[in-house]
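Small disclaimer: the values here were computed from a predicted structure and weren't measured. First listed ligand is number 1; within each ligand, the first listed atom is number 1.
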Amino acid sequence: MNKGEQLYEGKAKKVFQTEDPNLLIVSYKDDATAFNGLKKGTIAGKGVINNKMSNLLMQYLAKQGVPTHFVEELNDRDTLVKKVTIVPLEVIVRNISAGSFAKRFGVEEGIVFKQPTVEFSYKNDALEDPLINDDQALALGIVERSELDTIRTYALKVDEVLKEFWKDAGVTLVDFKLEFGRLPDGTIILADEISPDTCRLWDSETGEKLDKDRFRRDLGGVEEAYQEIMQRLIKNIEQR
Ligand code: ADP
Ligand code: UDP
């Protein structure tokens with residue numbers, strides 16, 4: 001499958017048409033941004049790692065009953081995916097307080113929740129992705145009630161599966177962001193990516209951050225952290 005017209009260039013990926021109207025090619029870049037694009041940089045090798053990691057995790061999730069957009073990894077940076085209409089919600093699942101949750105509610109990072117929390121942000125760069133609740137999303141007409149139920153069920157399933165997966169790799173899954181989309185027949189599937197750009201991953205023993213917070217917070221060792229988390233994932237996949 002070859003790249004056709006470029007449909008979109010985002011902050012982390014480019015999206016291309018293909019000869020099949022139902023399929024797209026996503027191409028992962030090394031560009032990194034944070035704070036709604038205010039901080040910009042490059043993380044060498046990130047695109048290759050995020051492409052591979054997202055594909056391996058999505059294939060694993062599909063086996064556990066979560067349908068995804070993954071079709072075929074074409075090369076180090078490019079993947080063939082099912083084209084969806086993205087539901088404009090950032091679906092965030094949290095197991096431990098961190099990031100915007102800690103800031104918004106004035107609590108420290110690291111509080112372990114009794115149960116996972118699911119929250120939604122409205123995917124809208126101009127508005128800086130504001131928090132949105134179910135009723136507001138329904139009022140805006142961006143999603144249906146039944147779709148919200150499906151999205152929440154899948155999001156919690158992803159959390160259950162990945163928490164266990166990362167635990168076996170010596171990693172604590174703190175929180176993550178998912179995006180879902182609709183196939184032409186309306187079926188909801190998991191889209192976009194699952195990577196250290198979109199998850200908080202802490203070493204279970206030391207608490208060391210092995211994700212994009214190293215870039216956001218200028219902690220150093222960014223490339224090394226992405227390589228380390230990838231190595232742990234590969235080792236854990238091989239053991240399954
Ligand atoms: P952003 O738009 O936030 O800068 P990216 O650089 O990751 O993000 O761009 C990828 C874009 O492709 C995102 O807007 C994402 O919603 C969209 N996307 C991801 N998977 C699919 C898919 N299967 N079909 C259509 N669009 C997708
Ligand atoms: N996240 C993301 N894209 C976003 C916002 C958040 O992938 O546009 C991820 C982020 O990496 C973290 C989780 O979602 O794993 C929760 O992020 P949070 O709301 O704490 O926001 P942040 O601290 O990134 O501003």
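Within the 4.0 Å heavy-atom shell around ligand 1 one finds Lys123.
Ligand 1 has a nitrogen or oxygen under 3.5 angstrom from a nitrogen or oxygen of Val84. Residue Ala12 has at least one N or O atom closer than 3.5 Å to an N or O atom of ligand 1. By the 3.5 Å distance cut-off applied to N or O atoms, Lys83 is not counted among the residues near ligand 1.
There is a side-chain donor-acceptor pair under 3.5 Å between Asp159 and Asn95.
In Glu9, neither the side chain nor the backbone holds a heavy atom less than 4.0 Å from any atom of ligand 1. Contacts of Glu90 with ligand 2, taken as heavy-atom pairs under 4.0 Å, involve the side chain alone.
Side-chain contact check for Trp166 versus Leu57: some heavy-atom pair is nearer than 4.5 Å.
A salt bridge is absent between Asp31 and Lys14; no separation between the charged side-chain nitrogens and carboxylate oxygens falls under 4.0 Å.
Residues Leu178 and Phe165 are members of one and the same hydrophobic cluster, defined by side-chain heavy-atom contacts under 4.5 angstrom among Ile, Leu, Val, Met, Phe, Trp and Tyr. No chain of hydrophobic side-chain contacts below 4.5 Å, direct or via other Ile, Leu, Val, Met, Phe, Trp or Tyr residues, connects Ile86 to Ile188.
When Pro196, Gly37, Ser100 are ranked by how near their heavy atoms come to atom 18 (P) of ligand 2, first place goes to Ser100.
Between Phe180 and Tyr154, the ring planes are parallel. Angles under 30° get that label, and only those over 60° would be called perpendicular.
The Gly99 neighbourhood of ligand 2 comprises atoms 20 (O), 23 (O), with distances under 4.0 Å to a heavy atom of that residue. Close contacts between ligand 2 and Arg216 involve ligand atoms 10 (C), 11 (O), 24 (O) [criterion: under 4.0 Å to a heavy atom]. Near Asp197, meaning under 4.0 Å from one of its heavy atoms, ligand 2 places the atoms 7 (O), 11 (O).
For Asp213 (side chain) and Arg216 (main-chain N/O), no donor-acceptor pair under 3.5 Å exists by modelled atom type.
Closest to atom 23 (O) of ligand 2, if we only count protein heavy atoms, is Arg200 NH2, 2.6 Å.
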